[in-house]
4 protein chains.
Amino acid sequence: MKTRDKIIYTSLELFNEHGERNITTNHIAAHLGISPGNLYYHFRNKEDIIRSIFALYHDHLESGFQPYEGEPISIELLINYFDAMFYAMWEFRFMYANLSDILSRDEELKKLYLAAQKQVLTRSSQILIKLNQDGVLSIEQDEIIPLTETMKMIVSFWIGYKQIHSIDTRITKTSLYEGLLRLLMIAKAYSTPDSRATFVRLEQHYRRLAASPTAQSV
Amino acid sequence: MKTRDKIIYTSLELFNEHGERNITTNHIAAHLGISPGNLYYHFRNKEDIIRSIFALYHDHLESGFQPYEGEPISIELLINYFDAMFYAMWEFRFMYANLSDILSRDEELKKLYLAAQKQVLTRSSQILIKLNQDGVLSIEQDEIIPLTETMKMIVSFWIGYKQIHSIDTRITKTSLYEGLLRLLMIAKAYSTPDSRATFVRLEQHYRRLAASPTAQSV
Amino acid sequence: MKTRDKIIYTSLELFNEHGERNITTNHIAAHLGISPGNLYYHFRNKEDIIRSIFALYHDHLESGFQPYEGEPISIELLINYFDAMFYAMWEFRFMYANLSDILSRDEELKKLYLAAQKQVLTRSSQILIKLNQDGVLSIEQDEIIPLTETMKMIVSFWIGYKQIHSIDTRITKTSLYEGLLRLLMIAKAYSTPDSRATFVRLEQHYRRLAASPTAQSV
Amino acid sequence: MKTRDKIIYTSLELFNEHGERNITTNHIAAHLGISPGNLYYHFRNKEDIIRSIFALYHDHLESGFQPYEGEPISIELLINYFDAMFYAMWEFRFMYANLSDILSRDEELKKLYLAAQKQVLTRSSQILIKLNQDGVLSIEQDEIIPLTETMKMIVSFWIGYKQIHSIDTRITKTSLYEGLLRLLMIAKAYSTPDSRATFVRLEQHYRRLAASPTAQSV
DNA sequence: TATGAATGAGGTTTCATTCAT
DNA sequence: AATGAATGAAACCTCATTCAT
């Protein structure tokens with residue numbers, strides 16, 4: 001792996017572990033065993049690193065929330081979507097935890113973030129529309145956008161919510177699965193008689209994951 | 001007003017205006033026209049000030065979310081609850097905006113916060129139970145707690161959500177009223193035929209406030 | 001002496017000794033035996049210190065180049081003017097040596113400098129006019145301004161010229177007296193039959209000072 | 001062109017444009033599309049580059065200020081001298097602007113510079129002597145050296161003087177022509193009845209150049 | 001000749017907190 | 001109660017130069 005990439009992944013790891021505010025560029029360099037000068041050879045400044053991490057995050061969202069096409073709807077397909085959400089929340093959890101702080105210091109990044117969120121909203125609502133058409137969900141036309149927004153809001157703040165509501169600040173996979181289960185609960189409310197069983201099975205799937213020992217460690 | 005109190009209220013004002021991270025203890029002292037030494041005579045450190053502000057916040061929650069008793073339910077009574085929410089969100093908006101940041105630096109405060117939240121949850125659900133009994137709402141027994149939690153979550157993160165989703169970081173009263181309207185929307189979904197009109201009037205009330213010119217300035 | 005003033009005078013001393021570019025804020029603090037933080041308590045940044053030194057310089061110019069009034073012209077009076085020039089050049093020699101460098105980094109200071117120079121030009125030409133009227137000099141009306149400018153230019157760059165034209169970079173009083181003698185030579189060219197003897201005596205005076213042992217050390 | 005020469009000319013260009021202090025070795029390499037390592041293959045360090053530029057400057061002075069011999073004096077010949085001065089000032093303007101700074105960091109270069117200046121002084125005074133003999137100028141024997149020195153001083157510091165006395169730091173050809181006109185003014189003061197007309201025409205020549213549009217851009 | 005990643009000392013600045021008065 | 005000067009650790013960043021390839 002190239003040093004540039006090592007810096008990105010090490011930063012991501014340290015940010016996730018300790019919070020972006022507590023990790024200095026010197027920490028990152030020391031953790032990698034390189035000089036601060038070298039870090040600044042690869043990145044103009046700390047913001048530059050964060051933006052590169054954001055690009056990674058953006059790529060993931062881009063590929064994970066494509067409306068499905070030409071394939072029959074299946075439980076695996078739904079699992080894909082929820083897994084993509086989980087991956088985003090877990091792999092970039094520092095962003096969810098410190099978002100307003102980070103964005104308030106980087107106007108440029110904020111614009112990128114807003115654009116990305118707009119896209120996510122569009123994509124997600126398209127998926128819901130498709131699921132509606134395919135008889136998996138039954139949502140009134142004018143409730144699709146608000147519902148998408150609500151779900152996005154829950155995803156956005158679940159980590160912050162969890163961090164505030166437990167003594168231990170560390171984020172576990174279990175707590176993220178709990179967040180997914182909340183989303184599922186909401187979605188299930190719009191399920192059709194045909195799809196209800198599918199949602200029940202989805203719930204069981206993620207409840208199992210939430211309870212698994214590795215998910216409970218940090 | 002005593003110096004100690006002046007420090008608390010000035011800090012609150014400055015934190016709300018510029019964010020706690022951007023206000024140093026020297027800023028507070030300078031804004032008050034006192035010396036930093038004097039500030040540290042009254043408070044052991046910055047956290048100590050924040051805890052005192054939190055005590056104020058706690059007092060407000062305590063008094064604002066008492067289940068009503070012995071009086072007939074009325075629209076004024078509901079308005080009281082929503083106004084209390086608004087007041088808390090507005091007057092202590094820096095807490096809502098920087099909560100995870102603040103709590104992550106002060107374990108002690110976090111414990112106090114958790115205890116307070118627990119109490120709020122209890123009180124709020126009691127209020128919902130009472131409204132259920134009085135025929136204002138119609139919620140299944142086992143949905144009361146989750147519903148309360150959802151509402152609390154929305155209140156907790158509305159400001160953060162708003163801040164992230166607009167270029168302008170400043171918080172306006174209008175955006176807080178929009179948050180209240182979201183809560184009302186959710187509550188209305190559980191209204192009874194008898195109470196529906198009341199909720200409609202409540203919505204009109206807060207929509208009017210949201211649109212008022214003074215609410216839109218910063 | 002107050003710390004603030006100590007910082008100003010120590011900075012001036014170190015700047016004169018080693019050049020402003022080679023003196024860091026840490027050097028200044030260390031030389032004074034104070035913490036860098038303390039230095040930044042008294043001054044916002046390095047530019048702020050330089051501006052304060054400039055204010056000192058400005059004050060000196062202000063008081064040293066007042067046109068004389070109501071008193072008969074005398075050799076002492078002329079010596080006063082030349083001594084004021086010498087004092088400015090010696091006491092603030094780092095400014096003369098590094099002016100373009102310093103001004104190129106501080107637009108604000110540049111404006112102040114330009115304003116000050118304008119004033120100096122006005123004052124100096126007024127003095128020449130007065131000397132003309134009193135029969136000390138005999139300059140054609142339209143040559144007064146150019147002559148003043150030439151003299152100002154020599155004063156401005158004498159130190160830079162000297163520094164460039166000798167191996168030893170250190171500035172000695174002797175070399176500054178040599179600069180004054182150049183100015184005198186120019187002025188003498190405009191002397192009247194009556195005043196010629198006075199200029200000769202002035203030359204002798206400064207030649208003596210230039211040759212004195214203390215003036216030759218650094 | 002060889003890489004070594006490309007480095008020299010690019011450095012000269014960048015130094016002239018932005019000042020030597022603001023151009024890093026990395027800037028130079030980047031501007032050339034070569035690696036910093038390669039730059040350091042050709043030059044031991046930054047000073048080494050500056051010295052090579054100085055050699056170029058030296059060559060120019062050498063060839064531009066030869067006393068004329070065996071040819072009759074003419075206005076073209078005088079123009080040649082002034083053009084050589086202009087060329088030196090324009091092509092190596094960063095040296096004139098940052099001379100004391102540069103020399104203070106490189107003792108070796110300073111020695112070379114002093115030797116070159118000595119030569120220039122000799123050559124220039126020889127030219128003045130010749131012009132005196134040919135009846136173009138009428139200078140007292142013992143004033144030739146001081147006059148030469150004065151003219152050299154004006155050439156040396158004209159750029160610095162201009163930079164300090166205007167808000168805009170950029171050097172234009174116009175301002176250099178103004179410098180030449182100052183020199184001419186001084187020389188004209190020593191012109192003979194026969195040569196006066198020649199000097200007037202020289203002035204007209206350079207005034208025209210100063211006013212030309214291309215000379216006023218940067 | 002050339003690459004380009006890497007070094008590391010050093011510079012400016014911030015800020016919660018302390019302490020003598 | 002109050003002053004305000006002082007502390008010092010720590011943050012971010014720059015740049016001439018080196019070195020393995």
Side-chain angles (χ1 to χ4, degrees), chain A residues 2-4 6-7 21-30 32-49 105, chain B residues 2-4 6-7 20-30 32-50 105, chain C residues 2-4 6-7 21-30 32-49 105, chain D residues 2-4 6-7 20-30 32-50 105:
Chain A
K2 294 277 184 63
T3 298
R4 194 191 146 81
K6 277 196 219 159
I7 292 171
R21 248 349 229 269
N22 305 311
I23 295 299
T24 72
T25 49
N26 278 359
H27 285 138
I28 299 168
L32 272 167
I34 67 173
S35 66
N38 193 11
L39 185 148
Y40 279 88
Y41 171 77
H42 291 284
F43 294 90
R44 281 179 42 239
N45 50 37
K46 202 182 174 189
E47 282 182 0
D48 198 11
I49 300 175
R105 276 177 291 137
Chain B
K2 295 274 185 65
T3 298
R4 193 189 148 81
K6 278 197 220 158
I7 293 171
E20 183 264 338
R21 245 358 223 268
N22 304 311
I23 295 298
T24 71
T25 48
N26 280 359
H27 281 139
I28 299 167
L32 270 168
I34 67 169
S35 66
N38 195 9
L39 185 148
Y40 276 86
Y41 174 79
H42 290 285
F43 293 91
R44 280 182 40 239
N45 50 34
K46 203 182 175 188
E47 284 177 2
D48 197 11
I49 300 175
I50 295 172
R105 277 178 290 138
Chain C
K2 293 278 184 62
T3 298
R4 194 191 148 81
K6 278 195 218 158
I7 292 171
R21 254 339 233 274
N22 305 309
I23 295 300
T24 71
T25 49
N26 278 359
H27 285 138
I28 300 167
L32 272 168
I34 66 171
S35 66
N38 193 9
L39 185 147
Y40 278 86
Y41 171 75
H42 291 284
F43 294 90
R44 283 181 39 240
N45 50 36
K46 201 183 173 189
E47 283 181 1
D48 199 11
I49 299 176
R105 277 177 291 137
Chain D
K2 294 276 185 60
T3 299
R4 194 189 146 81
K6 277 196 221 160
I7 293 171
E20 183 263 339
R21 243 4 221 263
N22 304 310
I23 294 299
T24 70
T25 49
N26 280 0
H27 281 138
I28 299 167
L32 270 168
I34 67 170
S35 65
N38 194 9
L39 185 148
Y40 276 85
Y41 173 79
H42 290 285
F43 293 91
R44 282 179 42 238
N45 50 36
K46 202 184 176 188
E47 285 177 0
D48 198 11
I49 300 175
I50 295 172
R105 277 178 290 138

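So you know, we letter chains A, B, ... as the sequences are listed, proteins then strands, and number each from 1. What you see below is based on every heavy atom in this structure, not just the backbone, and it leaves out hydrogens, waters and symmetry mates.
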Novice: Looking across every strand, which nucleic acid part, if any, lies under 4.0 Å from C:Asn26 by heavy atom: base, sugar-phosphate, or nothing?
Specialist: base
Novice: Quick check: on DNA chain E, is the nucleotide nearest D:Pro36 upstream (toward 5') of the one nearest C:Arg44, or the reverse? Name the residue that is more 5'.
Specialist: D:Pro36
Novice: Write down the atom of D:Pro36, the atom of D:Asn26, and the distance for their closest heavy-atom approach.
Specialist: CB-OD1, 3.5 Å
Novice: Side-chain contact, heavy-atom cut-off 4.5 Å: D:Arg21 with C:Arg21?
Specialist: yes
Novice: How many Å lie between CD1 on D:Ile28 and C1' on F:dT17, as a whole number?
Specialist: 13 Å
Novice: Compare all side-chain heavy atoms of A:Leu32 with those of A:Asn38 and state whether any distance is below 4.5 angstrom.
Specialist: no
Novice: C:Ile34 side chain: which of F:dT7, E:dT12, F:dC12 is closest?
Specialist: F:dT7
Novice: Working to the nearest 0.5 angstrom, can you tell me the gap between D:Ile50 CD1 and D:Phe43 CZ?
Specialist: 11.0 Å
Novice: Report which part of the nucleic acid A:Thr3 touches: base, sugar-phosphate, or nothing (heavy-atom distance under 4.0 Å, all strands).
Specialist: sugar-phosphate
Novice: Could you give the CG-to-P distance, from C:Asn45 to E:dC15, as a whole number of Å?
Specialist: 14 Å
Novice: Can you establish whether the number of heavy atoms outside A:Arg105 located under 6.0 Å from its atom CZ is more than 12?
Specialist: yes
Novice: Tell which nucleotide pairs with E:dA20, taking only Watson-Crick or G-U wobble pairs whose two distances are both under 3.5 angstrom.
Specialist: F:dT3
Novice: Does a nitrogen or oxygen in the side chain of B:Ser35 sit under 4.0 Å from OP1 or OP2 of F:dG4?
Specialist: no
Novice: Between D:Lys46 and A:His27, which has a closest nucleotide on DNA chain F that is more 5'?
Specialist: A:His27
Novice: What is the distance, rounded to the nearest whole Å, between atom NZ of C:Lys2 and atom C1' of F:dG4?
Specialist: 11 Å
Novice: Taking only the side-chain heavy atoms of C:Tyr41 (C-beta and beyond), determine which of F:dC12, F:dT3, F:dG4 contains the nearest atom.
Specialist: F:dG4
Novice: Could you tell me how far apart D:Leu39 (CG) and F:dC19 (P) are, to the nearest whole angstrom?
Specialist: 17 Å
Novice: Classify the nucleic acid contact of D:Thr24 as base, sugar-phosphate or nothing, counting any heavy atom under 4.0 Å across all strands shown.
Specialist: sugar-phosphate
Novice: When both hydrogen-bonding distances must be under 3.5 Å and the geometry is Watson-Crick or G-U wobble, what is E:dT14 paired with, if anything?
Specialist: F:dA9
Novice: Distance check needed: F:dA2 C1' versus B:Lys6 NZ, whole Å only.
Specialist: 12 Å
Novice: Once you round it to whole Å, what is the distance between P of F:dT21 and CG of D:Asn38?
Specialist: 19 Å
Novice: Could you state the atom-to-atom distance from CZ of B:Phe43 to P of E:dT18 in whole Å?
Specialist: 15 Å
Novice: Which comes earlier along DNA chain F counting from the 5' end, the contact point of D:Gly37 or that of C:His42, where each point is its nearest nucleotide?
Specialist: C:His42
Novice: Could you please name the option among E:dG11, F:dT17, F:dT3 that lies closest to any side-chain atom of D:Tyr40?
Specialist: F:dT17
Novice: Just how far, in rounded Å, is C1' of F:dA6 from CZ of C:Arg4?
Specialist: 16 Å
Novice: OP1, OP2 of E:dT12 versus side-chain N and O of C:Thr25: anything below 4.0 Å?
Specialist: yes
Novice: Measure the shortest side-chain to side-chain distance between D:Lys46 and D:Glu20 over non-hydrogen atoms and say whether it is less than 4.5 angstrom.
Specialist: yes
